[in-house]
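This report concerns only the one structure given below.
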Amino acid sequence: MASRRNLDPTDYRRERNLEEIRVQAEATRQLQVVGQPEKTSFPRATPEDGYYGLPILKKTPWTWEIPLYFFVGGAAGAAAVIGAIADYTGADRELVRHARWIAAAGSVISPALLIADLGRPERFLAMLRVFKPQSPMSVGVWTLLGFSSGATAAAFADFLTRRYGPSIPLRVLENAGQAASLAFGLPFSNYTGVLIGVSAIPVWNRNATDLPLHFAASGLGAAVGMLELMGHHKNRVLHTLGLGAALFESWEGLRIEARSNPDLDPLKHGASGFVTRAGGILSGPVPALLRSGSFFSSRRRSQSLRRWAAWSAIAGSLITRFAWMHAGRQSAKEWKPPVQREAGLSRQATK
Amino acid sequence: MSVTAFLTDATLCIGCKACEVACKEWNGIDEDGLQFSGFSYDNTGSVGASTWRHVKFVEQAPLPGLGGNSGEQVSWTFSSDVCKHCGEAGCLEACPTGSIVRTEFGGVFIQPDVCNGCGYCVTACPFGVVERNSKDGRAFKCTFCYDRQKAGLEPACAKVCPTESIKFGELEQLRQKADERIAELHDRGMTDANLYDPLDTSVAGVHALFIIRGDARTYNLPPAPEVPTIYLKKAWTSSALAAGLLFGGTLLAFLSAGKNGR
Ligand code: SF4
């Protein structure tokens, strides 16, 4: 065995020295060479460490546009649903109009964000070559298309009506647009949960059931918050909806914390865990408490509490989307989950 | 044409990387850059957008049998990794443009003139094979030398392999060959030789089989790969439930508030 004396870990000049560094590292299972943090454990290729602990999965190439799109799309979809139902039940006209504007703004921003993240944005139209029910991305793009057409048509007709007075074609356009934005807005507000749930990333696919519900509640909370900040902070229905969303988000947070599956670690530990918890607290318990508090407060105080709840829910929803993306990247970095999954090992040939 | 496949035999591989080079030359792939991993002789790490064949340098405690080294040294096995061309391919199912198709040879092929670089296939591959090229914007992986196969040639890596560690042929025949080879290795005392062929998993078998030594996990080969489409039903059911709750809840909230909704 090579001598371990006189070993200068900074001397790479001789092949022999490299060999000695290796032998020492193997023996102590620690690496003490420049360029490596001191005493990092020496990676090995074993069933326990995998292939030098290198990740198996590739992390998503998506950049900030996609989580932002999740946020915008979720809020826009929920706003369209609120607007349409408010209209059908004969609620406040101003509320209907504002909800439509949020939906329309979201339906313009969403495709812009989606296209900006493509590796080849000029080829966006290739998405419309096919409809693939087995691909959540394909279903999502078509849903986005239907939603965008509906939401912009409704808002546009509304605008023209206000400007030039009512007419039959405008009413038809408005109603058709609204119906479409409701029909597509329902899946649009939560499909992004399906999108990442149906993937090879453990922390995402382990939550395939939770994600759509979670994202729907998050979108609703954000939409309600936006409407309240647009001057509907006295509307009782929005208050109820906001409370519902916040309670659901609190429950979702508890559910994640209560499950002790190591695949969920990126949601609880490290930087991604911190962001996830921050987003969860801001969308769940904080608005829930503020809203409950506003029931028992004086009028002025109650309204300011609601405004705080609105801000908190919006921020929480935004942070939550980034948190899931962050956790997904973290999850892809860990080689263990995909490999340690219980199942029959490779086929052992019989003699 | 029947389904073609690779059989990559780690007990024959000498780690010369000729397959990597041939692949790069034939397909005109970018360089990987110069990185020093600092802990093994493998400085490439894994397959990716610019590495469609990747030789793993698996250094282990000394193993008896072929290729065993002296007691002080590590024992080396090499295994040339490649896209598995899954029977049920996550990337293919996920692709929203229909760019990824199954060829007449059973391989999984990304049509570069259709791909728009959405990156969804990257999150869908259970083997971490396909990757978006940051300079080009599109996703790339092994084409199974579709062009060569169409011209009746074998893939470049199999053609160049000097030890026939990479075999190319008809899938079922290769399975048979693999079993024979493993029986032979077992006879020669290399009892840890086995075949990586995840048949009973949701990826429905792969078209790139690997003869390896010992535990598949040492080679970063997942024992139970999952094609993400198995989560479709769960996720869409939950999505429908979420849509129903949103609709019902909102309707109820507005109705119960009465006409003025204040
Ligand atoms: S290994 Fe990955 S890239 Fe290759 S066919 Fe399977 S899912 Fe697609």
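Residue numbers begin at 1 in each chain, while the letters A, B, ... track the order of the sequences. Not measured: the values here are computed from a predicted model.
Under the rule for a side chain to side chain contact (heavy atoms under 4.5 Å, CB included), the partners of H239(A) that lie at least two apart in sequence or sit in another chain are R291(A), S294(A), F295(A), R306(A).
Proximity to chain B (any heavy atom under 4.5 Å) is restricted, for L241(A), to the side chain, taken from C-beta onward. Contacts of L245(B) with chain A are made by side-chain atoms alone, with heavy-atom separations under 4.5 Å and no backbone atom involved. Of the atoms belonging to F57(B), heavy atoms from both backbone and side chain fall under 4.5 Å from chain A. For D136(B), the parts sitting under 4.5 Å from any heavy atom of chain A are the backbone and the side chain alike. For P55(A), the part sitting under 4.5 Å from any heavy atom of chain B is the backbone (N, CA, C, O) and nothing else. Neither the backbone nor the side chain of W142(A) comes within less than 4.5 Å of any heavy atom in chain B. Within the 4.5 angstrom heavy-atom criterion, atoms from both the backbone and the side chain of A208(A) approach chain B. Heavy-atom distances place the backbone of V130(B), and not its side chain, under 4.5 Å from chain A. For F124(A), the part lying near chain B is the backbone, with the side chain staying farther off; criterion is any non-hydrogen pair under 4.5 Å. If you measure heavy-atom distances from S189(A) to chain B, the contacts under 4.5 Å come from the side chain alone.
The distance from atom CG of L118(A) to atom CG of N116(B), rounded to the nearest 0.5 Å, is 4.5 Å. Taken to the nearest 0.5 Å, the CG atom of D210(A) stands 9.5 Å off from the NZ atom of K234(B). One distance of note links CZ of R123(A) with SG of C118(B); it measures 12.5 Å at 0.5 Å rounding. Taking CG of L246(B) as the start and CD1 of I85(A) as the end, the distance is 7.0 Å to the nearest 0.5 Å. Expressed to the nearest 0.5 Å, how far CG of L255(B) lies from OG1 of T89(A) amounts to 6.0 Å. The CG atom of L238(A) lies 6.0 Å from the CZ atom of F254(B); values are rounded to the nearest 0.5 Å.
Put simply, the side chain of N205(A) never gets that close to the backbone of Y231(B): no donor and acceptor are under 3.5 Å apart. Although no hydrogens or angles enter the test, the distance criterion places a donor-acceptor pair under 3.5 Å between the side chain of Y52(A) and the main chain of E59(B).
Closest non-hydrogen pair, V114(B) versus A126(A), comes out as O-CB, 3.6 Å. The shortest non-hydrogen separation linking L186(A) to A243(B) is CD2-O, 3.4 Å. Nearest approach of K58(A) to V129(B), heavy atoms of both residues: CE-O, 4.3 Å. What you find for A235(B) and V198(A) is that their closest heavy atoms are CB-CG2, 4.0 Å. Nearest heavy atoms, G45(B) versus Y51(A): O-CE2, 3.9 Å. The two residues A242(B) and N190(A) come nearest to each other via the heavy atoms CB-ND2, 3.5 Å.
Of the listed residues (A94(B), A240(B), G249(B), S134(B)), the greatest number of heavy-atom pairs within a distance under 4.5 Å of chain A belongs to A94(B). Annotation: maximal heavy-atom pairing with chain B below 4.5 Å, among G244(A), P136(A), A78(A), A332(A), occurs at P136(A). Counting heavy-atom pairs under 4.5 Å between each of G50(A), G197(A), A216(A) and chain B puts G50(A) at the top. Ranked by heavy-atom pairs shorter than 4.5 Å toward chain A, the options Y219(B), W236(B), F127(B), F247(B) are led by W236(B). Of all the listed residues (G137(B), S99(B), G244(B)), the one sharing the greatest number of non-hydrogen pairs under 4.5 Å with chain A is G137(B). The candidate with the highest count of non-hydrogen atom pairs below 4.5 Å against chain A, out of D113(B), V227(B), V47(B), is D113(B). When L220(A), D117(A), I201(A) are compared by the number of non-hydrogen pairs under 4.5 Å with chain B, D117(A) comes out ahead. With chain B as the partner, the residue from F248(A), W204(A), F188(A), W62(A) showing the most heavy-atom pairs under 4.5 Å is W62(A). Top candidate by heavy-atom pairs under 4.5 Å with chain B, chosen from L182(A), L128(A), V130(A), is V130(A). When each of S46(B), G48(B), P96(B) is scored by its heavy-atom pairs under 4.5 Å with chain A, the top score falls to P96(B). Taking chain B as the reference chain and counting heavy-atom pairs below 4.5 Å, the highest number among G140(A), S135(A), P121(A), S138(A) is found for S135(A). With chain A as the partner, the residue from D42(B), N133(B), D200(B) showing the most heavy-atom pairs under 4.5 Å is D42(B).
By the neighbour-count criterion of 12 heavy atoms within 6.0 Å, atom CD of Q134(A) is densely surrounded, having more than that number from other residues, nucleotides or ligands.
Ionic pairing of R217(B) and D49(A) is not present here: no N-O contact between side-chain nitrogen and carboxylate oxygen is shorter than 4.0 angstrom.
Test L213(A), V194(A), L195(A) against S239(B) for side-chain contact (heavy atoms from CB on, under 4.5 Å) and you get one pass: V194(A).
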Next item on the list: For side chain to side chain contact (heavy atoms under 4.5 Å, CB included), just list the numbers for C95(B) and K132(A), CA-CA rounded to whole Å, side-chain angles, deciding distance to a tenth of an Å, and then say yes or no.
Entry: CA-CA 8 Å; C95(B) 178; K132(A) 279 172 76 175; 4.0 Å; yes
